[in-house]
Amino acid sequence: MSNSPSTVPRERLSQLREVVTEEQPLRLGFELVAAPLRFVGFWAAVALPFLYVPLLFGGLEASEFTVFGALLALNALALVLGHNYARS
């Protein structure tokens, strides 16, 4: 028997450090938040234009310009959030 310490635990520790870096948990956390936002953004961008039809069909009155502008802004936000949905 020798009194020299074993290098196996140190080697495994260095391998573990290579596999799990500090950036990976942060990236995983970001993906857990971003993936549902992309999903909702994409499908909202698809569905929101259907709400324009009743507004435009009946003609826009002065009080409906704000609603129409808010819908356009919401649609633009949905397009930005959902633009990378299902790209792999």
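Each residue takes its place number in the sequence, starting with 1.
Checking each of Leu51, Leu48, Leu79 against Leu74 for a side chain to side chain contact (heavy atoms under 4.5 Å, CB included) leaves exactly one that passes, namely Leu48.
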Output, in order, the C-alpha distance, side-chain angles, deciding distance and verdict of side chain to side chain contact (heavy atoms under 4.5 Å, CB included) for Leu81 and Val40.
CA-CA 8 Å; Leu81 285 176; Val40 170; over 6 Å; no

Pair Leu72, Tyr52 - check side chain to side chain contact (heavy atoms under 4.5 Å, CB included), show working.
CA-CA 9 Å; Leu72 282 176; Tyr52 302 155; 3.5 Å; yes

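Phe65 and Leu71 fall within the same hydrophobic cluster, where Ile, Leu, Val, Met, Phe, Trp and Tyr residues are linked whenever their side-chain heavy atoms come under 4.5 Å apart, directly or through other members. Leu77 and Leu37 fall into different hydrophobic clusters, where Ile, Leu, Val, Met, Phe, Trp and Tyr residues are linked whenever their side-chain heavy atoms come under 4.5 Å apart, directly or through other members.
Between Glu31 and Pro36, the closest heavy-atom pair is O-CD, 4.3 Å. Nearest heavy-atom pair, Ala78 versus Ala44, reported as atom, atom and distance to 0.1 Å: CB-CB, 3.9 Å.
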